[in-house]
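Below: one structure, written as structure tokens.
Basis for what follows: all heavy atoms, side chains included, without hydrogens, waters or symmetry-related copies. These figures come from a predicted structure and were not determined experimentally. Start at 1 and go down the list; that is how both ligands and their atoms are numbered.
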Amino acid sequence: MSYKSIRGMEDILPQDAGVWQELERRSRAELESYGYREIRTPMLEETAVFIRSIGETTDIVTKEMYTFSDRKERSLTLRPEGTAPIVRSYIEHSLDKVSPELRLYYIGPMFRAERPQKGRSRQFHQVGVEVIGSRSPQVDAEAIMRLDGLLRAFGLEGFVIKLNSLGCRKDKDAFAEKLKAYLKGEKSRLCDDCKTRLDKNVLRVLDCKNETCVQLVRNAPNVIDSLCAECAAHFSRVRQILEALKIEVDIAKNLVRGLDYYTGTVFEVTHPALGGQDAIAAGGRYDNLIKDMGGPDTGAIGFALGIERVILALGEKKGSFTRPAVIYIATLGEEAKVEGLKLAEELRSKLNDLHEVNVVTLIDLKESSLKSQMRSADKNGAKAVVIMGEDEMRQGKLAIKDMAEGGEQVLIDRTAVVEEIKKRIC
Ligand code: HAM
């Protein structure tokens, strides 16, 4: 009998975890430096939290949620996204009292029972941001700037930010009617999914990937032309600010997003390296959601990026993420092992604390030959190996071997070891 992880839910193995840690570290550093604070909500919520916010007729709610009854027959759902739980928490804990304009971020797994393929999994991970408490267009521009900055902090280039506005709820409803009327005559030509969408969630027809549907909506009315004066002014201000900030965006008139809570500004970031599942991040305003879920009448905007997709988009670049330097301590003989343990402590405390470099020391505590210890050092990507043999130790010496190609081996005084290692890693 052999067990496997559940389809679409993957292990992050030790050889890959470094990239994840670095992405998470950079996200925290970047967001915290702009005053965002972390929020961690549970993985499970009452199902109603998601139905109410994401929308009864959306793909996520109708087909993709992991929903089950617990022992008390309560319907619970593994979070498919982070916004709804945060709004639930914001209201439950009256976070509006903490700050009238709250900047939050979260990092963690989300769950959607979609068909797994490259860039699409059932357990995936997001870095997300929510700014709650303002309806100002300034905040929209700032959120988009933050997303742009975050992706750049990862070293990502070549991504495209697509921007649209859905208008207020009135605009959105009026536009839905207009679109429905336009598409009604073409119903027979729409794909099966869109036939259902026509009655239940007509805006989604606009981002259907089916060729015929794409053709049919090409000349359909677009939402930007249907905005009320206030929403049109808001959108134009957002664009002006982004221009002043030199953040390039493409206006995407058919961008509607798959979650019902959005109103006003919506955006999506795509990357050419991704093929079919090309959205690496997405977000928008949800000015009615907090009130609809029983909270104060306040505006909010946010976004989330998919970590798996960012890693795919980074491709080879992720190799350049700085990792801690590995120093391998090879020891020969009983006494050397004890001295090796002492040296490992010394290197870590002196180098990591005093010189702000990140060093990992590895030491062999078996009776392995020097050859096999060198092999192990190589496998672990060591920058240098400290070789401690008993004869040399008796003379107060040890050897350091550089692991770079053509790296030499030198015999040095035991007392010089910290300085010598420092030279090799800084
Ligand atoms: P979303 O567009 O559903 O928005 O997801 C955001 C990002 O998560 C996507 O652009 C994609 O990178 C990633 N993602 C989504 N589903 C999968 C999947 N099955 N496999 C891998 N990656 C995936 C939201 O979740 C909103 N809560 C974003 C938001 C925050 N809006 C306002 N605030």
- Message: Quick test of your reading of the model: are D59 and R197 salt-bridged, counting only N-O distances below 4.0 Å?
- Response: yes
- Message: Given 3.5 Å as the limit, does a donor-acceptor pair link the side chain of T47 with the main chain of S75, or not?
- Response: yes
- Which residue pairs satisfy the side-chain hydrogen bond (donor to acceptor under 3.5 Å, both in side chains) criterion with at least one member in residues 94-108, sequence neighbours excluded? E32-Y105, E101-R103, R103-E142, Y106-E130
- Query: Taking the side chain from R146 and the backbone from L31, do they hold a donor-acceptor pair closer than 3.5 Å?
  - Reply: no
- Collect the protein residues that have a non-hydrogen atom under 4.0 Å from ligand 1 and hand them over in chain and number order. E81, T83, Y106, R112, E114, G119, R120, S121, F124, Q126, E130, R257, L259, Y261, Y262, A279, I280, A281, A282, G283, G284, Y286, G302, F303, A304, G306, R309
- Could you tell me whether R375 and D378 have a side-chain N and a carboxylate O separated by less than 4.0 Å? no
- Output yes when D148 and R152 qualify as a salt bridge under the 4.0 Å nitrogen-oxygen rule, no when they do not. yes
